[in-house]
There are 2 protein chains.
Amino acid sequence: MRLSSTEENYLKAIYKIAEREKKSASTNTIAKYIGTAPASVTDMLKRLAGKQLINYEKYKGVTLTTYGGREATQLIRRHRLWEVFLASKLRFSWEAVHDIAEELEHVKSEELVNRLDAFLDYPKFDPHGDPIPNAQGKFTLRNQMSLLDAHPGNKVVLLGVREHETSFLQYLNGLNISLGTEFTIKAFNHFDKSMNILIDHTRETLLSEKVCQILLVKKI
Amino acid sequence: MRLSSTEENYLKAIYKIAEREKKSASTNTIAKYIGTAPASVTDMLKRLAGKQLINYEKYKGVTLTTYGGREATQLIRRHRLWEVFLASKLRFSWEAVHDIAEELEHVKSEELVNRLDAFLDYPKFDPHGDPIPNAQGKFTLRNQMSLLDAHPGNKVVLLGVREHETSFLQYLNGLNISLGTEFTIKAFNHFDKSMNILIDHTRETLLSEKVCQILLVKKI
DNA sequence: ATTTAAAGTTAGTCTAATCTAAAAATACCT
DNA sequence: AGGTATTTTTAGATTAGACTAACTTTAAAT
Ligand SMILES: [Mn+2]
Ligand SMILES: [Mn+2]
Ligand SMILES: [Mn+2]
Ligand SMILES: [Mn+2]
């Protein structure tokens with residue numbers, strides 16, 4: 001079935017909310033995520049249910065059907081592949097790619113996305129470290145943890161970020177932190193859960209609990 | 001001003017019709033070009049006139065304003081740059097690129113189109129030999145003529161095609177004709193204006209008047 | 001110069017996607 | 001359990017972009 005960009009965005013929102021909250025997505029949560037009035041969401045949910053994309057029961061929240069989930073995954077695939085293209089081929093920095101990919105992801109051509117995938121050499125992760133589903137919708141899993149769960153003495157490498165907001169990514173730029181950057185945990189401060197971190201074996205800095213929570217790393 | 005994809009498509013249609021017919025575009029011509037009812041065109045013309053994009057006077061046909069012309073040119077720039085990307089980077093064949101570029105052209109980011117331009121090494125012509133306006137909207141001019149105007153004995157090289165329809169381009173593929181292919185005119189047949197052509201110094205074939213009219217060449 | 005045909009516009013309707021205001025259902029609290 | 005707060009849905013409007021049917025203007029033909 002041919003989906004509109006708007007319908008696709010709703011499916012993506014439902015997918016991401018379910019992933020984040022590990023339960024069905026509520027009307028208000030979707031409204032906040034998309035930035036529309038709850039009444040508009042209700043309208044759309046009825047339409048999506050009519051197209052067998054979601055399971056919807058009044059007042060109960062929604063889940064994606066198998067079919068709806070497949071569509072959402074393919075959209076995420078397109079989004080992340082375009083982000084890789086923008087970053088690695090057009091040299092956009094990681095805070096600039098998301099907004100442009102929001103538009104590019106709606107260009108629908110199976111051939112296009114698969115050729116793009118090949119052109120980029122089948123990347124497994126996007127510029128923010130998020131996994132890119134393959135043509136069959138399968139994500140690559142990887143051992144990673146929040147920096148907050150690392151302990152003093154640990155050496156870790158940055159694999160991804162949970163937050164994609166421009167101002168946050170620019171904050172990381174300012175600290176010369178990017179994917180692949182290595183951290184050594186020097187100390188954990190119990191009173192505010194902040195951490196003293198040695199970046200790239202050269203600069204020491206303090207990272208707040210909030211920032212540490214966002215950074216996804218693995219031990220090296 | 002922020003234009004919708006639909007508005008942009010109307011501007012492009014008006015631009016191309018004016019170019020082809022060398023006069024102002026009429027409601028019916030636009031309707032045929034876009035594939036909508038004439039009444040819908042009238043609606044849209046009023047809106048475009050309200051936004052200062054076209055000069056519109058009831059029953060008189062329309063022309064683009066300077067501002068509208070600039071928008072149309074930028075849209076054509078985006079379209080043709082994406083066609084180059086699809087053909088030269090993703091290895092799409094020339095008959096496949098147009099439909100996908102029809103969607104990609106509406107992704108609006110000045111930064112994106114300029115970086116794409118640089119990534120492609122500032123191409124001057126698209127996969128059909130059409131000129132690509134630069135960031136300032138300037139087209140590269142080039143001496144070219146229709147194959148129909150060549151004479152027996154002339155050696156020419158194919159620079160472009162006036163017709164982009166899939167079935168026509170596939171017909172050329174079948175004859176192993178692509179941009180850069182060299183032709184030697186062996187004979188001109190007055191009764192039906194067809195031509196006997198030696199392709200790439202190896203294969204001789206007959207090309208109809210219609211086909212010769214479409215092929216744009218220059219002498220070598 | 002009429003008449004007829006073609007081209008263009010107006011009027012009214014439709015759908016997708018949005019909104020606000022009001023009503024109904026569910027959840028939370030004492 | 002009853003009352004209040006929160007969440008969700010309904011009702012009614014709006015806007016962009018499309019349609020058809022009917023009307024008006026302009027062009028062509030006798
Ligand atoms: Mn993103
Ligand atoms: Mn991303
Ligand atoms: Mn094209
Ligand atoms: Mn082209």
Side-chain angles (χ1 to χ4, degrees), chain A residues 1-14 17-18 20-21 23-64 68 71-72 75 102-103 105-106 108, chain B residues 1-14 17-18 20-64 68 71-72 75 102-103 105-108:
Chain A
M1 200 185 313
R2 174 77 190 174
L3 303 182
S4 72
S5 300
T6 311
E7 290 170 327
E8 288 189 326
N9 284 337
Y10 273 89
L11 293 181
K12 187 167 63 162
I14 295 165
I17 291 165
R20 159 155 53 90
E21 306 186 0
K23 64 181 183 67
S24 72
S26 75
T27 301
N28 270 358
T29 316
I30 297 168
K32 235 163 264 162
Y33 190 98
I34 307 245
T36 57
S40 311
V41 174
T42 301
D43 275 0
M44 180 56 91
L45 294 183
K46 288 181 192 164
R47 249 179 296 151
L48 295 177
K51 294 189 176 185
Q52 322 294 332
L53 290 157
I54 59 170
N55 306 111
Y56 172 57
E57 214 185 327
K58 267 185 173 191
Y59 297 104
K60 301 291 185 194
V62 294
T63 55
L64 295 172
E71 292 289 334
L75 181 62
E102 281 295 306
E103 292 193 57
E105 70 186 8
H106 298 293
K108 257 157 296 171
Chain B
M1 196 184 319
R2 174 77 189 173
L3 303 182
S4 72
S5 301
T6 311
E7 290 170 327
E8 289 189 325
N9 283 337
Y10 272 91
L11 293 181
K12 187 169 62 165
I14 294 166
I17 290 165
R20 159 155 53 89
E21 306 185 1
K22 286 151 195 323
K23 63 181 184 69
S24 73
S26 74
T27 302
N28 271 356
T29 315
I30 298 169
K32 236 164 261 162
Y33 191 98
I34 308 244
T36 58
S40 311
V41 174
T42 301
D43 275 359
M44 180 57 89
L45 294 183
K46 287 181 193 165
R47 249 177 295 152
L48 294 177
K51 293 189 176 185
Q52 323 294 332
L53 290 157
I54 59 170
N55 306 112
Y56 172 57
E57 213 186 326
K58 266 184 173 192
Y59 297 104
K60 302 290 185 195
V62 294
T63 55
L64 294 174
E71 292 289 334
L75 181 61
E102 282 294 306
E103 293 195 57
E105 69 186 10
H106 299 293
V107 174
K108 257 157 298 171

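Worth saying up front: this structure is predicted, and the values here are computed from it rather than measured.
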Dump every N/O contact between nucleotides 22-27 of chain D and the protein below 3.5 Å, one line per pair.
{"unit_1": "D:dT25", "atom_1": "O4'", "unit_2": "B:Tyr59", "atom_2": "OH", "d": "3.4"}

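In terms of modelled atom types and a separation under 3.5 Å, the side chain of A:Glu71 and the main chain of A:Gly68 share no donor-acceptor contact. The backbone N or O of A:Ser5 lies less than 3.5 Å from no partner atom in the side chain of A:Lys108, so there is not a single donor-acceptor pair. Although no hydrogens or angles enter the test, the distance criterion places a donor-acceptor pair under 3.5 Å between the side chain of B:Glu7 and the main chain of B:Ser4.
Distance B:Asn9 CG to D:dA16 C1': 14 Å, rounded to the nearest Å. A:Asn28 places its CG atom 17 Å from the P atom of C:dA25, with the value rounded to the nearest Å. If you measure from atom CD1 of B:Ile34 to atom C1' of D:dC19, you get 16 Å, rounded to the nearest angstrom. In this structure, B:Ile17 atom CD1 and C:dA7 atom P are separated by 14 Å, rounded to whole Å. Atom-to-atom, CD1 of B:Ile30 to C1' of D:dA18 comes out at 16 Å; the value is rounded to the nearest Å. For the pair B:Glu7 CD and D:dA18 P, the interatomic distance rounds to 10 Å; values are reported in whole Å. Rounded to whole Å, the distance from CG on B:Leu11 to P on D:dG17 is 12 Å.
Of the residues in residues 37-49 of chain A, A:Ala37, A:Ala39, A:Ser40, A:Asp43, A:Met44, A:Arg47 come within less than 4.0 Å of DNA chain C through at least one heavy atom, sorted by number.
The heavy-atom pair separating B:Asn9 from B:Ile34 by the smallest distance is O-CD1, 3.8 Å.
In this structure, the side chains of A:Leu11 and A:Leu75 stay at 4.5 Å or more apart for every pair of heavy atoms.
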Would A:Lys12 and A:Glu102 satisfy salt bridge (Lys or Arg N to Asp or Glu O under 4.0 Å), going step by step from the backbone distance to the final call?
CA-CA 11 Å; A:Lys12 187 167 63 162; A:Glu102 281 295 306; 2.9 Å; yes

